[in-house]
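To start, the structure itself, in structure tokens.
Note on naming: letters A, B, ... go to the chains in the order of the sequence lines (proteins, then strands), and numbering restarts at 1 for each one.
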Number of protein chains: 2
Amino acid sequence: MITVNFNEDQHLYLQIVDEVIRQIAQGHLKSGDQLPSRRALADHLKVSLNTVINAYDQLTDEGYIVPRERSGYYVDLLEIDMLPSEEIETKSLKHEHSKISEASQYTNDFHFANRDMSTLNPKQLLQYAPEALARSVVNCNLKDDLGALSLRLAIANYLRKYRGVMTSADNIIITGGHTASLQTLFALLEDAIYALEDPGYYKNLDLFTDYQQKTIRIPIDKYGFSVKDLETTSANIVITTPNHQFPTGIIMGMRRRQRLLKWAYQAENRYIIENDYYNEFRLKGRPVPALTSLDDQERVILLGAFRQSMGSIFKMSYLVLPDQLMKKFHQAKLKTSDISSFEQYLMTDFLNSAHFPKYINSLRTNYRRKEKAVLAALNQSQLPLTIKEAGAGLFFIINIEGEIPPADVIQTRLAENKIRLQPVNHYAKLKNQFDQSYILGYGGLELDEIDQAIQALVTIFK
Amino acid sequence: MITVNFNEDQHLYLQIVDEVIRQIAQGHLKSGDQLPSRRALADHLKVSLNTVINAYDQLTDEGYIVPRERSGYYVDLLEIDMLPSEEIETKSLKHEHSKISEASQYTNDFHFANRDMSTLNPKQLLQYAPEALARSVVNCNLKDDLGALSLRLAIANYLRKYRGVMTSADNIIITGGHTASLQTLFALLEDAIYALEDPGYYKNLDLFTDYQQKTIRIPIDKYGFSVKDLETTSANIVITTPNHQFPTGIIMGMRRRQRLLKWAYQAENRYIIENDYYNEFRLKGRPVPALTSLDDQERVILLGAFRQSMGSIFKMSYLVLPDQLMKKFHQAKLKTSDISSFEQYLMTDFLNSAHFPKYINSLRTNYRRKEKAVLAALNQSQLPLTIKEAGAGLFFIINIEGEIPPADVIQTRLAENKIRLQPVNHYAKLKNQFDQSYILGYGGLELDEIDQAIQALVTIFK
């Protein structure tokens with residue numbers, strides 16, 4: 001008979017369930033054994049019939065016992081050594097003390113993607129949180145295949161104001177991030193041969209190369225993406241960063257932009273994907289309008305996000321698609337997926353507010369100050385170098401002049417001194433003129449650390 | 001000469017920039033024309049030399065003019081008809097009035113994924129927002145290849161408490177959502193032949209089928225996924241929903257679980273992907289422990305998310321990987337991508353709080369009430385039907401007995417009456433016994449609408 005020493009902390013029926021499982025696991029109840037009738041067990045345990053009914057139902061649902069009509073409940077044919085045992089509770093905790101540390105492993109980190117978001121006033125963003133959450137709850141069953149309409153309207157407005165791009169919410173798709181944007185594009189652009197900038201940033205793209213069509217690398221000359229080289233290839237889709245070429249920082253000039261657009265207009269299946277990752281961000285002068293703003297034949301796709309303003313706080317991205325690709329998107333019944341509604345609504349309100357441009361300005365002021373300090377420190381160091389495209393963003397290229405140790409020696413020294421500084425060629429596959437060029441990012445440095453950081457850096461090249 | 005009627009609302013240098021662009025676009029300044037010297041223009045316009053320097057720098061950066069050493073600035077070789085014109089400002093606003101409506105198109109919507117999140121107390125969640133945002137800002141340059149450590153610790157704890165799964169933060173990867181989870185798995189599981197449940201939910205999977213290896217459909221019998229059928233195939237990866245088979249709601253019993261595990265243990269490259277989409281959610285009894293909790297040979301991968309609790313508010317998902325797959329993940333230098341840090345930290349605090357289990361209980365109580373009302377209304381309607389797996393979640397299967405109109409007639413009637421009710425076979429490719437079975441979801445119905453909604457539904461089958 002099944003006996004249970006009931007305690008008061010847990011439902012009675014669950015204690016019966018656990019006892020039966022224990023007896024099966026220990027071999028006291030064997031496969032095919034009949035359980036006491038529900039009435040008999042209730043009498044024996046001095047509990048209500050309902051309690052036993054609930055226990056037997058749960059055991060049946062979990063598949064320990066099987067009811068047979070007019071005959072009662074029987075233990076199912078089970079493997080005792082594959083049943084959950086109480087040992088499991090302690091067994092698998094081998095990893096309990098996670099060895100992962102969240103601290104940065106670099107003493108001086110010049111990574112280009114490092115940011116400083118300390119000028120964000122949390123209250124200015126969070127004042128919109130209650131309303132954003134309320135809308136998320138009310139709209140929880142809403143299916144919007146393109147992302148939240150309110151955010152798409154806010155982005156259309158933002159693009160008009162800051163990027164010179166005239167589009168509508170109907171042509172905007174919100175995605176979960178850059179990878180998801182690329183995935184959507186790959187689904188839309190069939191038989192694509194991609195022309196990529198070299199050097200260029202294609203980590204996300206590499207995710208897809210297994211499944212993907214051919215890619216061709218196009219060199220960067222002093223005006224940016226070399227359309228002349230593009231014209232000799234069979235590529236039909238260009239992926240480019242015209243407003244701040246990564247990593248060289250080169251802005252594609254009007255003449256080159258016109259030549260690139262003309263290339264696209266020459267054949268039906270040609271498109272340009274403009275990765276506008278720098279958005280309106282620029283430390284000097286006014287932001288350069290997006291290439292998309294010049295396109296009057298609907299051949300440029302804009303790939304955008306809020307990384308310069310929101311960093312990793314909000315990672316959603318967006319696509320601006322020409323009409324014919326939007327049509328294809330709807331025809332193929334594609335949907336965007338996996339963008340949390342709360343962050344969409346919160347970003348909407350912040351983007352629409354007067355706080356947003358002020359926040360962007362505060363970022364620019366802060367980074368400008370840092371860049372100035374870095375340039376002064378480099379100047380004082382008397383390391384012979386040329387600086388390219390300062391003022392364009394959060395990093396610039398330094399090209400070390402004269403004879404320096406070979407690249408692998410430099411790498412070893414950097415590692416030994418816990419300095420992170422990436423060579424431009426880390427992002428290149430083609431032979432080029434960037435052999436002594438490095439990407440110097442200063443976004444993550446504290447203003448009062450800069451002198452010392454640059455001093456540490458300079459010794460590496462001596 | 002360039003003349004500008006300055007206004008006070010804008011930087012002087014930007015007004016010079018705009019005027020030069022206008023003169024180029026209108027043909028007054030032609031390709032190759034020399035611009036006035038910076039000094040001469042400053043004198044002419046009565047502005048400081050610096051203002052003109054800034055203007056010429058901006059025009060150079062945007063590629064309208066080109067400096068020649070010791071000779072001044074010249075208009076670059078440009079196509080006038082491809083320059084941005086002021087017309088553009090109004091031209092492309094054709095889509096201004098977006099035709100997209102956010103309202104549901106159904107009068108009675110029985111979709112299985114509809115939820116009711118009205119029992120979420122916004123304050124209980126948002127009290128953690130300031131702290132979560134502060135952490136996001138401070139950690140903005142942190143690269144955690146697996147997702148936020150604090151959230152992974154919280155999930156490990158949650159899985160132990162509610163899913164019987166013993167794992168560590170080291171074995172958990174946070175992803176942007178279900179699609180991203182699948183993408184990560186596809187990158188890890190090479191040469192996979194996937195065995196899928198039929199009927200089953202594979203919309204996300206369809207995204208990948210172009211690039212993907214073979215898939216085989218396995219029928220669902222009354223105990224769930226038919227391992228007997230699986231054993232006759234060449235599949236090596238199973239994707240299954242053992243705790244609430246979609247859409248049948250069948251719970252895979254212990255005996256079937258053991259047989260499935262044994263299948264996996266028979267060959268090196270076999271894995272089971274447990275899609276635990278229902279988590280601890282269940283309206284009656286205790287939650288059924290995850291299949292992963294039985295696995296002592298590291299062959300089950302758990303795919304989880306917070307959809308039952310957070311709906312579309314937070315869409316991040318997670319993977320629990322066996323050691324050898326984690327090792328492979330690190331060796332391949334894979335990284336998770338595109339999960340906003342703010343939502344990770346906010347979910348961490350909510351998940352760790354005492355509010356979370358209480359909130360889950362409030363959801364269960366609310367849905368239980370709705371299910372009861374639906375069952376009562378169906379009972380009263382006297383439509384001959386059998387109900388399968390009520391109490392398991394937010395929906396159950398109704399199988400209409402006797403003769404009813406053909407499926408396409410039913411579909412037309414449903415559409416005419418703006419009712420959304422999906423047949424089980426919508427999710428099936430194999431021939432099966434679900435011809436008169438429908439998925440009745442009640443999560444999105446208001447309690448006081450239920451009687452009328454069921455009445456409207458019942459007439460469809462008469």
Salt bridge or not between A/Asp109 and B/Lys143? Use side-chain N to carboxylate O under 4.0 Å. no

Non-hydrogen atoms of chain A under 4.5 Å away: do they reach the side chain of B/Glu62, the backbone, both or neither? both

Would you call B/Lys333 and B/Asp145 a salt bridge, using N to O less than 4.0 angstrom? no

Part of A/Val17 lying under 4.5 Å from any heavy atom of chain B: side chain

If you count the non-hydrogen atoms of other residues, nucleotides and ligands that lie under 6.0 Å from OH in B/Tyr128, is the total more than 12? yes

Under 4.5 Å from any heavy atom of chain A - which part of B/Val165: neither

Presence of salt bridge, A/Asp338 and B/Lys315, under 4.0 angstrom: no

Using non-hydrogen atoms only, which part of B/Pro287 is less than 4.5 Å away from chain A: side chain, backbone, both, or neither? backbone

Under 4.5 Å from a heavy atom of chain A, the part of B/Lys123 involved: neither

Side chain, backbone, both or neither of B/Phe306 within contact of chain A (heavy atoms, under 4.5 Å): neither

List the steps and the verdict of side chain to side chain donor-acceptor pair (under 3.5 Å) for A/Thr175 and A/Ser181. CA-CA 6 Å; A/Thr175 75; A/Ser181 288; 2.8 Å; yes

Region of B/Leu78 that comes under 4.5 Å of a non-hydrogen atom in chain A: both

Stepwise side chain to side chain contact (heavy atoms under 4.5 Å, CB included) check, B/Ile339 with B/Phe314: CA-CA 10 Å; B/Ile339 340 141; B/Phe314 296 144; over 6 Å; no

At a 4.5 Å cut-off on heavy atoms, which part of B/Ile21 comes close to chain A: side chain, backbone, both, or neither? side chain

With a 3.5 Å distance limit and no angle check, can you tell me whether A/Asp295 reaches the backbone of A/Glu298 through a side-chain donor-acceptor pair? yes

Taking every non-hydrogen atom, the tightest pair across A/Tyr345 and A/Ala148: CE2-CB, 4.0 Å

What residue in A/Val137, A/Val66, A/Asn114 has the most heavy-atom pairs under 4.5 Å with chain B? A/Asn114

With chain A as the partner, which of B/Arg115, B/Arg257, B/Met310 has the greatest number of non-hydrogen pairs under 4.5 Å? B/Arg115

Does any backbone or side-chain atom of B/Leu346 lie under 4.5 Å from a heavy atom of chain A? Answer side chain, backbone, both or neither. side chain

Does the side chain of A/Ile172 come within less than 4.5 Å of A/Thr167's, by heavy atoms? yes

Interface moiety of A/Gln58 toward chain B, non-hydrogen atoms closer than 4.5 Å: side chain

Proximal component of B/Leu77, with respect to chain A [non-hydrogen, under 4.5 Å]: both

Chain A heavy atoms under 4.5 Å from B/Asn54: which part of the residue, side chain, backbone, both or neither? neither

Against chain B, label A/Ser312 side chain, backbone, both or neither, depending on which of its atoms sit under 4.5 Å from a heavy atom there. both

Closest-packed option against chain B by number of heavy-atom pairs under 4.5 Å, given A/Leu133, A/Val288, A/Asp116, A/Ile251: A/Leu133

B/Tyr13 portion near chain A, given a 4.5 angstrom heavy-atom threshold: side chain

Between B/Arg135 and chain A, with a heavy-atom cut-off of 4.5 Å, which part of the residue counts as in contact: side chain, backbone, both or neither? neither

Checked A/Ser340, A/Ala134, A/Gly253, A/Ser317 vs chain B; the most non-hydrogen pairs under 4.5 Å come from A/Ser340

Taking every non-hydrogen pair under 4.5 Å, which of B/Arg286, B/Met254, B/Gln344, B/His111 racks up the most with chain A? B/Arg286

Would the number of heavy atoms belonging to other residues, nucleotides or ligands and lying under 6.0 Å from NZ of A/Lys262 be above 12? no

Specify the closest pair of heavy atoms between B/Ala169 and B/Leu149, including all atoms of both residues, with the distance to one decimal. CB-CD1, 4.0 Å

Salt-bridge test for A/Asp57 and B/Lys284: reply yes if a basic N is under 4.0 Å from a carboxylate O, no otherwise. no

